[in-house]
Participant: 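Mind looking over this structure? Questions follow.
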Amino acid sequence: RKAILGKKIESGILEVLRGAKIPVSTRDIALKIGRAWHSVQGHCLRLQIDEKIIGYRISNLNVWEIKK
């Protein structure tokens with residue numbers, strides 16, 4: 001059950017990032033897919049480890065974009 005939800009969250013994250021022209025903050029992704037910030041952050045880190053997205057900090061924000 002948990003793995004299915006995780007895949008759903010990760011596909012939502014990828015969908016948001018594919019549609020974005022600029023890097024998107026964890027908070028904005030969370031608001032767009034209706035999930036908790038902490039959950040989105042964890043899945044973004046997992047996607048970064050899998051080399052599907054790139055993440056970095058701009059001042060105090062974590063931002064993400066699709067790896068090209």
Side-chain angles (χ1 to χ4, degrees):
R1 167 135 169 79
K2 191 175 181 185
I4 294 169
L5 180 59
K7 293 285 179 215
K8 192 174 170 187
I9 293 169
E10 288 177 11
S11 69
I13 291 167
L14 291 170
E15 201 175 300
V16 168
L17 295 179
R18 281 190 197 107
K21 304 249 186 298
I22 59 171
V24 185
S25 72
T26 306
R27 180 179 183 273
D28 287 344
I29 295 169
L31 290 171
K32 284 180 180 159
I33 67 171
R35 296 283 167 191
W37 177 91
H38 189 266
S39 175
V40 171
Q41 180 71 17
H43 286 285
C44 282
L45 291 169
R46 190 170 300 153
L47 288 167
Q48 186 176 22
I49 290 167
D50 292 344
E51 298 190 348
K52 293 183 178 165
I53 67 174
I54 300 169
Y56 47 93
R57 288 182 74 85
I58 298 177
S59 75
N60 66 340
L61 287 179
N62 292 323
V63 296
W64 309 92
E65 62 184 340
I66 291 288
K67 187 167 183 172
K68 293 173 174 61

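When reading the values below, keep in mind they use all heavy atoms of this one structure, side chains included, and skip hydrogens, waters and symmetry mates. Count residues from 1 along the sequence.
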Participant: Flag yes if Leu47 and Leu5 sit in one hydrophobic cluster, no otherwise; membership is Ile, Leu, Val, Met, Phe, Trp, Tyr, and two members link when side-chain heavy atoms are under 4.5 Å apart.
Facilitator: yes
Participant: With clusters defined by side-chain heavy atoms of hydrophobic residues (ILVMFWY) lying less than 4.5 Å apart, directly or transitively, does Val63 cluster with Leu45?
Facilitator: no
Participant: Considering all heavy atoms of both residues, which atom of Cys44 and which atom of Ile53 are nearest to each other, and what is their separation?
Facilitator: O-CD1, 3.5 Å
Participant: Under a 4.5 Å cut-off applied to non-hydrogen side-chain atoms, are Trp37 and Asn62 in contact?
Facilitator: yes
Participant: Using atom types as modelled, flag every donor-acceptor pair under 3.5 Å from a side chain in residues 19-36 to any protein atom, sequence neighbours excluded.
Facilitator:
residue : atom : partner : partner atom : Å
Ser25   : OG   : Asp28   : N            : 3.1
Ser25   : OG   : Asp28   : OD2          : 3.4
Thr26   : OG1  : Gln41   : OE1          : 2.8
Thr26   : OG1  : Trp64   : NE1          : 2.8

Participant: Gln48: which residues meet the side chain to side chain donor-acceptor pair (under 3.5 Å) condition with it, sequence neighbours left out?
Facilitator: none
Participant: Distance check, rounded to the nearest 0.5 Å: Ile66 atom CD1 versus Ile13 atom CD1?
Facilitator: 10.0 Å
Participant: Show every salt bridge (charged side-chain N to carboxylate O under 4.0 Å, His left out) that has at least one partner inside residues 37-49, sequence neighbours left out.
Facilitator: Glu10-Arg46
Participant: Treat each ILVMFWY residue as a node, draw an edge where side-chain heavy atoms are under 4.5 Å apart, and state whether Leu61 and Val40 are in one component.
Facilitator: no
Participant: With a 4.5 Å cut-off on side-chain heavy atoms, are Leu14 and Arg18 touching?
Facilitator: yes
